[in-house]
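This report concerns only the one structure given below.
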Amino acid sequence: MIALLWVALITWLTGTRLLTLFGLDARDDRLGWFGWSIMGGSLASSLLLFLLFWALPGQLDAVAVMLAQAVVALLLGLLARKRRRRLVPAVVEPSRTPSLLFRSAVALAIAFSVLRILDGNLVPALAGDEAMLWGYRARVIVSEGGLGADYLAAMASPALRHEDYPLCGSLLQSWVLLLDGPGDMVGLRLPLQLLALGLVTSLAAALRRHTEPLVGAALLLGFAALPHTRGALQSAGAEAPVALGLLVAADGWLRFERDGRRAWLGLASLGMALALFTKNDAALFTATLAAGVALARLFGSGRRLPVPTLACLALIPIGVVALQQSFNRWAGFHNDLMTGKGSGEGLFTRLVDQAPSYLPTTAAFFGDELLTHPRYDGLVFGLLILAGAAALVRWASGPRTKLDVPTPRAGFTPRPWQHAPLALTSASLAALFGLFLVYVATPQPLVWHLQSSAPRVAWQLLPLAYLALAVHVADASRPRPEGRP
Amino acid sequence: MPMDAPRSPSPEARALRLAVLLLGFWGLGWIGREAFLGLPGDPLAGLDASPVARLGAALSESETERIARHLDANRPGAADLLAVLRSELPADAALIGFHRTADQATQPEEAAQRASALALLGQLQLLLHPIPVHPMPNLGPDWTPPAGIDLQHLWALDLGYPTPELLEAVLEPARATPAGTLWRPLDPERQL
């Protein structure tokens with residue numbers, strides 16, 4: 001129990017201090033603060049563990065790791081204190097007191113999520129990816145004393161798969177195993193379950209910020225009720241951190257467009273970094289999110305980007321990817337998808353070769369199971385396609401202004417988030433389409449691969465899709481001046 | 001009408017908003033159903049179906065009890081087998097689990113036995129770690145142990161292999177449980 005308290009405490013302390021260092025404060029959004037802190041703390045903790053385990057294999061015990069974490073938390077605290085003194089009070093929008101209905105929906109979603117966590121923990125982590133992929137690897141990290149030569153030798157076992165996958169989830173589980181003992185079969189879920197809970201609260205915060213309370217409450221309850229949301233809360237799988245990272249990245253960008261604070265871009269970069277350090281799928285998702293934002297800014301307008309700040313912040317996700325790739329290169333680990341499970345056939349070659357035979361099956365599966373299956377996503381992907389199409393028709397049939405956004409040069413106050421629906425919709429749907437192509441190019445047996453992973457992997461895009469839909473509703477419901485589309 | 005006079009949301013916007021509100025009610029319904037009635041296919045045999053009703057167990061049950069219930073739900077007696085394995089296996093042992101192949105398990109009963117054996121071996125890989133556990137369906141005259149395993153340290157678990165007497169060439173029975181039989185390395189003197 002003490003070990004679990006330590007894990008929660010360090011995650012919280014490191015996360016809050018990291019956010020302060022980026023210029024954020026709990027008063028910016030108390031609801032979002034919980035999820036963002038867990039996100040920042042998990043990222044910082046996993047990176048620290050990664051560096052310690054890789055640099056000092058066989059030399060670390062629980063006490064040494066706890067000491068290192070305490071020192072890092074202390075240092076971050078000192079830096080954050082200094083930073084807080086220099087912080088200029090943020091000019092935030094007049095806060096809307098959330099309606100009783102919205103607060104009730106948030107309370108219900110959180111209570112239901114906690115119930116799912118407690119209930120799910122009645123089953124130990126002994127099956128599925130949480131155990132046989134991420135958890136098994138965490139046990140190997142602990143039993144082999146870190147990420148050194150012994151770890152590489154142990155990973156040669158056929159029981160251990162996907163050795164190149166990013167390490168965040170396994171490192172967080174290995175942290176619990178190191179402190180609580182290798183026999184732990186339930187508590188090791190805690191760091192990932194905190195992230196899943198953080199996803200629910202971060203979605204609530206994003207919906208409150210970007211749409212009206214009634215719509216936000218409806219979307220939050222819809223998301224909380226999904227079966228795969230239950231899966232994320234009840235297991236130590238790696239989907240929740242990716243979903244959280246993507247959501248926070250999108251939310252951070254929207255908030256930056258609203259009030260121009262650079263701190264939000266820092267939050268977005270932390271979100272991207274967490275997603276990229278958790279799963280390879282996140283490379284596709286973050287790329288489509290960045291492309292969606294770029295596309296929207298191309299056709300619309302937005303706040304002037306602080307290029308040097310943006311370049312510095314981009315170094316965080318890029319650095320995380322570089323670190324993971326360096327480790328894989330050092331270890332000689334290769335990706336199944338890129339190497340065709342050792343056949344040497346690359347992703348794009350397989351995509352071309354397999355498309356004629358795999359396209360119909362993949363399309364049928366995506367159509368039946370992901371786009372028209374109400375219990376899967378509450379039909380949000382489908383609604384998003386319809387909303388996106390309607391917005392495009394509206395835009396195409398109206399005067400060709402830049403998506404109805406007055407530019408600063410024209411002397412108007414920018415209303416920058418008007419291109420948000422386009423950005424988030426194109427990002428969500430492009431990522432889903434990218435995923436579709438990945439399955440067409442799979443080196444695994446197609447039907448097995450689709451059934452065993454596609455709904456779970458696509459679920460990672462759902463919080464982003466829910467946010468995109470919320471922004472659509474907010475945008476479409478806003479009274480417009482006559483004469484504008 | 002003046003150019004900048006506000007106009008009400010379009011029919012599409014109203015339809016979209018209505019769809020989202022329906023989604024909220026739909027979610028609320030599922031939340032209530034799952035929390036109070038439970039879900040079909042719930043793996044928690046022996047407990048109340050409703051997560052709310054079994055909250056007491058979720059807050060009080062020990063981890064050992066959870067593991068035992070989970071193991072026994074897959075294969076009756078597996079929790080006792082785990083206790084045997086933990087007491088009998090030396091730290092330097094390697095465990096091979098023999099079970100039927102898909103060809104041998106043609107009847108539904110045999111197929112279920114095979115599936116539970118495979119699931120148990122996966123669970124044991126985690127529960128006994130770092131002792132290596134190898135699923136190994138085929139044992140015949142040309143059988144060789146997995147690379148890197150010394151026969152002196154090789155233990156076997158018979159999980160419904162059709163001809164366990166083949167194990168007698170290198171192993172001897174150690175403990176029998178309803179979930180499976182543990183075989184240990186032959187005494188070196190007997191091997192000679």
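Chain naming here is simple, since letters A, B, ... match the order of the sequence lines and numbering starts at 1 in each.
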I'd like to know whether M185(A) forms a side chain to side chain contact (heavy atoms under 4.5 Å, CB included) with H70(B), so could you lay out the CA-CA distance, the side-chain angles of the two residues, the decisive distance to 0.1 Å, and finally the verdict.
CA-CA 11 Å; M185(A) 295 288 159; H70(B) 187 66; over 6 Å; no
Minimum heavy-atom distance [X]-[Y], with the two atoms named:
X	Y	answer
W26(B)	G222(A)	CZ3-O, 4.2 Å
P130(B)	S143(A)	CB-CB, 4.2 Å
L126(B)	A125(A)	CD1-O, 4.0 Å
V380(A)	L23(B)	CG2-CD2, 3.8 Å
H129(B)	Y136(A)	ND1-CE2, 3.7 Å

Choice from [options] maximising heavy atom contacts with chain B below 4.5 Å:
options	answer
P182(A), A390(A), A131(A), A387(A)	A131(A)
E144(A), M132(A), R139(A), R375(A)	R375(A)
V140(A), L379(A), L108(A), V142(A)	V140(A)

Please identify, among [options], the residue contributing the most non-hydrogen atom pairs under 4.5 Å to chain A.
options	result
V133(B), L28(B), L127(B)	L127(B)
R14(B), E12(B), R54(B)	R54(B)
E61(B), E63(B), Q123(B), R33(B)	E63(B)
A58(B), P132(B), A13(B)	A58(B)

Side-chain contact test, heavy atoms from C-beta onward, threshold under 4.5 Å: evaluate it for [X] versus [Y] and give yes or no.
X	Y	answer
V20(B)	T211(A)	no
R230(A)	L39(B)	yes
L55(B)	D119(A)	no
R17(B)	E212(A)	yes
E34(B)	R116(A)	yes
L16(B)	L386(A)	no

Determine yes or no for a side-chain-to-main-chain donor-acceptor pair under 3.5 angstrom, with R69(B) supplying the side chain and L122(A) the backbone.
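Side chain of R69(B) to backbone of L122(A): a pair is present.
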Euclidean distance, [Y] [atom2] relative to [X] [atom1], rounded to 0.5 Å:
X	Y	atom1	atom2	value
L126(A)	L71(B)	CG	CG	6.5 Å
L226(A)	I31(B)	CG	CD1	9.5 Å
L221(A)	L21(B)	CG	CG	11.0 Å

For atom CG of L59(B), decide whether the heavy atoms of other residues, nucleotides or ligands shown that lie under 6.0 angstrom number more than 12.
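Yes, CG of L59(B) has more than 12 neighbouring heavy atoms, counting only those of other groups under 6.0 Å.
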